[in-house]
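Below is one structure, written out as structure tokens; the observations come after it.
Just so it is clear, the structure is predicted and the values come from calculations on it, not from any experiment.
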Amino acid sequence: MTADKTEAKDPDQLRAEIAEIRADLGDTVEALAAKADVKAQAQAKVRETVETTKVQLDSLKTRAAERTEVGKVKAQASAERGKEALARYAPWPQVAAGAAATVVALVIGGRKLRARRATPVRRRFGR
């Protein structure tokens, strides 16, 4: 293709150059046709977007499942810590013993009070 115009070319060489030029033009026409085919480009873009979205969705599902598992573990650990704290800071046996002692004191004190009221005043003070 860079040969001088004054040089004479043999017909076989010219045919080879013409075939090469036709092949190049064919490739160029195909590339232009592909660029001009908006529908095909849109479909390709849709396919690409769908694939990308599927990958992202799978990734999000995986992360959500992991976070759910982590949340369950944290909730379970929190519940266990709460039970431990309740057992540590809520002295139920002491509270029950205190309540029982109070009931006993009230019962005994009430009996003594009734017994005092039942006895005459002279006996209490020795008169």
Side-chain angles (χ1 to χ4, degrees):
M1 300 251 315
T2 59
D4 284 335
K5 292 181 183 180
T6 58
E7 254 182 61
K9 296 183 181 183
D10 73 10
D12 289 333
Q13 188 179 7
L14 289 174
R15 284 187 190 107
E17 285 182 22
I18 290 171
E20 185 180 332
I21 291 172
R22 281 184 181 159
D24 288 344
L25 284 174
D27 292 342
T28 305
V29 168
E30 285 179 20
L32 288 172
K35 285 188 176 184
D37 191 0
V38 176
K39 184 177 179 181
Q41 287 179 357
Q43 289 173 344
K45 185 66 175 174
V46 167
R47 282 191 300 273
E48 179 184 331
T49 304
V50 166
E51 289 302 316
T52 303
T53 303
K54 284 181 181 179
V55 169
Q56 289 174 346
L57 181 62
D58 289 342
S59 173
L60 288 174
K61 283 181 181 178
T62 302
R63 286 187 5 214
E66 289 171 357
R67 286 185 181 176
T68 301
E69 286 299 316
V70 168
K72 286 180 183 177
V73 170
K74 284 184 178 179
Q76 185 177 9
S78 177
E80 289 173 6
R81 281 194 309 270
K83 288 178 185 177
E84 290 172 5
L86 184 61
R88 190 174 355 163
Y89 296 114
W92 295 112
Q94 291 91 341
V95 170
T102 303
V103 168
V104 168
L106 289 174
V107 168
I108 292 173
R111 285 184 183 170
K112 283 185 179 180
L113 184 61
R114 273 187 253 125
R116 248 190 202 171
R117 287 184 184 159
T119 58
V121 174
R122 290 184 192 160
R123 283 191 181 169
R124 273 194 272 166
F125 295 109
R127 296 185 190 169

Once you round to the nearest 0.5 Å, how far does [atom1] of [X] lie from [atom2] of [Y]?
X: Ile18; Y: Leu25; atom1: CD1; atom2: CG; result: 11.5 Å
X: Asp27; Y: Leu32; atom1: CG; atom2: CG; result: 11.0 Å
X: Thr62; Y: Leu57; atom1: OG1; atom2: CG; result: 9.0 Å
X: Asp37; Y: Glu30; atom1: CG; atom2: CD; result: 12.5 Å

Query raised in the report: Shortest non-hydrogen contact from Gln41 to Lys35?
Result: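 Smallest interatomic distance, heavy atoms only, reads NE2-O, 3.0 Å.
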
**Report entry** All salt bridge (charged side-chain N to carboxylate O under 4.0 Å, His left out) counterparts of Asp12, not counting sequence neighbours
**Finding:**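 Asp12: salt bridge (charged side-chain N to carboxylate O under 4.0 Å, His left out) contacts with Arg15.
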
Query raised in the report: Do you know which of Thr102, Val104, Ile108 makes side chain to side chain contact (heavy atoms under 4.5 Å, CB included) with Leu106?
Result: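 Passing option: Thr102.
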
Query raised in the report: Do the side chain of Thr28 and the main chain of Asp24 share a donor and acceptor less than 3.5 angstrom apart?
Result: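 A pair under 3.5 Å: yes.
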
**Report entry** Connected hydrophobic set around Val46, excluding itself, where side chains approach under 4.5 Å
**Finding:**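 Besides Val46, the cluster holds Val50.
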
Solution key, residues 63-77 side-chain donor-acceptor pairs under 3.5 Å, sequence neighbours excluded:
residue: Thr68; atom: OG1; partner: Ala64; partner atom: O; Å: 2.7

